[in-house]
2 protein chains.
Amino acid sequence: MDQISSPTSARLRAMQAEGMNLDSCPVRTVVSRLGSKWAPLLLQLLAERPHRFSELRRLVPDISQRMITQTLRDLERDGYVNRSVLPTKPPSVTYSLTDMGVSMFESYRLLFEWAEANHQAVRAAREAFDASDKG
Amino acid sequence: MDQISSPTSARLRAMQAEGMNLDSCPVRTVVSRLGSKWAPLLLQLLAERPHRFSELRRLVPDISQRMITQTLRDLERDGYVNRSVLPTKPPSVTYSLTDMGVSMFESYRLLFEWAEANHQAVRAAREAFDASDKG
DNA sequence: TTTTAGAGTCTCAAAAAGAGACTATATGTA
DNA sequence: TACATATAGTCTCTTTTTGAGACTCTAAAA
């Protein structure tokens with residue numbers, strides 16, 4: 001198989017030996033975008049249904065307009081999000097998931113579900129850590 | 001069900017109405033850490049087997065020591081990673097996944113697999129976007 | 001005696017994120 | 001007519017994060 005695999009340590013050793021740069025690692029290429037601060041939240045909303053720019057702004061009051069624009073642009077660039085402009089006055093812009101976005105989100109969703117089911121445990125771990133000498 | 005659900009737009013509206021702050025959203029709490037720049041890569045390596053600090057450094061040559069330390073600390077704080085110091089001279093430190101880390105990674109892994117299978121499509125989308133007037 | 005290894009910390013520079021003002025156009029309201 | 005509102009952003013400035021690289025400490029090996 002000629003597909004680049006995930007970076008197991010054996011693979012990483014091989015990549016180094018071949019002088020490959022790790023920027024070409026597919027997982028990093030994809031996951032680093034999706035894990036950005038606001039992408040998960042916006043993806044969840046778009047997975048629910050298409051939304052307009054101003055809806056997203058209202059739904060997520062603590063995101064700046066600049067970050068909405070930028071995050072949506074990044075997601076559009078990677079092919080997950082479709083941006084469609086309706087020529088109303090003033091123009092309205094609707095964002096929705098592409099087929100690829102839906103496909104990706106099916107896999108991403110499992111982590112979200114884990115997070116919902118386990119966030120108390122994560123919180124507890126944080127508090128324990130902070131209360132210990134390490135914190 | 002009294003569990004805080006994922007932030008559907010209905011839920012977000014409710015949270016706003018109640019004056020809740022969104023920092024308490026479980027998905028954001030959990031996913032934002034896991035999506036940081038280096039966490040996915042280090043988690044993959046630790047999911048494979050426990051590693052020592054210097055092993056990780058060698059396997060990922062383009063991460064600074066500072067970022068290894070910090071990312072591992074964050075993952076330890078959240079309860080995914082165990083740090084064990086052996087009193088050798090010089091001391092050796094081994095990092096491994098906790099049970100919770102293994103549990104979480106089972107869900108995260110699906111996104112990684114999606115990324116491996118679809119990174120060409122993502123790359124293609126990026127190039128198309130950059131070649132268009134939007135880029 | 002200088003080097004090497006392990007596991008970091010410290011400081012400073014660069015990149016990313018956030019806050020808030022500002023733009024354009026077209027309606028509705030006083 | 002003048003003013004405010006709504007849409008979908010951009011621009012600039014400030015604060016946080018990240019990254020690069022030097023520096024620390026201990027003990028064994030060359």
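Keep in mind it's a predicted model, so treat the numbers as computed, not measured. Per chain, numbering begins at 1; letters A, B, ... match sequence-line order. All values below were derived from every heavy atom in this structure, side-chain atoms included, with hydrogens, water molecules and symmetry-related copies excluded.
- With C:dG8, D:dT10, C:dT25 as the candidates, the nucleotide lying closest to the side chain of A:Arg73 is D:dT10.
- Each of D:dG9, D:dA6, D:dT18 was ranked by its minimum atom distance to the side chain of A:Tyr95; first place goes to D:dG9.
- Closest approach to the A:Ser92 side chain among D:dG9, D:dA8, D:dT18 is made by D:dA8 (side chain taken as heavy atoms from C-beta onward).
- The distance from atom CH2 of B:Trp38 to atom C1' of D:dA20 is 12 Å, rounded to the nearest whole Å.
- Distance CD (A:Gln70) to P (C:dA19): 14 Å, rounded to an integer number of Å.
- Just one of B:Asp78, B:Asp74, B:Thr29 meets the side-chain hydrogen bond (donor to acceptor under 3.5 Å, both in side chains) condition when paired with A:Arg126; it is B:Asp78.
- Atom CE of A:Met67 is separated from atom C1' of C:dA19 by 11 Å (rounded to the nearest Å).
- Candidate nucleotides C:dA7, C:dG8, C:dA19 were compared by shortest atom distance to the side chain of A:Arg66, and C:dA19 ranks first.
- Counting to the nearest Å, the P atom of D:dT18 and the CG atom of B:Leu41 are 15 Å from each other.
- OP1 or OP2 of D:dT7 has at least one side-chain nitrogen or oxygen of A:Ser54 nearer than 4.0 Å.
- B:Tyr108 places a side-chain N or O within donor-acceptor distance of the main-chain N or O of B:Leu34, the cut-off being under 3.5 Å.
- Outside the 6.0 Å centre-distance limit, the rings of B:Phe105 and B:Tyr80 are not counted as a close aromatic pair.
- Although no hydrogens or angles enter the test, the distance criterion places a donor-acceptor pair under 3.5 Å between the side chain of B:Thr98 and the main chain of B:Gly79.
- The distance between atom CZ of A:Arg33 and atom P of C:dA17, rounded to the nearest whole Å, is 8 Å.
- Nearest nucleotide to the A:Phe53 side chain, out of C:dG8, D:dA8, C:dA19: D:dA8.
- A donor N or O paired with an acceptor N or O is not found under 3.5 Å between the base of C:dA7 and the side-chain atoms of B:Arg57.
- Judged by distance alone, with hydrogens and angles left aside, the side-chain atoms of A:Ser36 form a donor-acceptor pair with the main-chain N or O of A:Arg33 at under 3.5 Å.
- Where B:Ser36 and B:Gln65 meet DNA chain D, the nucleotide closest to each residue was compared, and B:Ser36 sits on the side nearer the 5' end.
- Rounded to whole Å, atom P of C:dA16 lies 8 Å from atom NZ of B:Lys37.
- The separation between A:Ile68 atom CD1 and D:dG9 atom C1' is 10 Å, rounded to whole Å.
- If you measure from atom CZ of B:Arg52 to atom C1' of C:dG8, you get 13 Å, rounded to the nearest angstrom.
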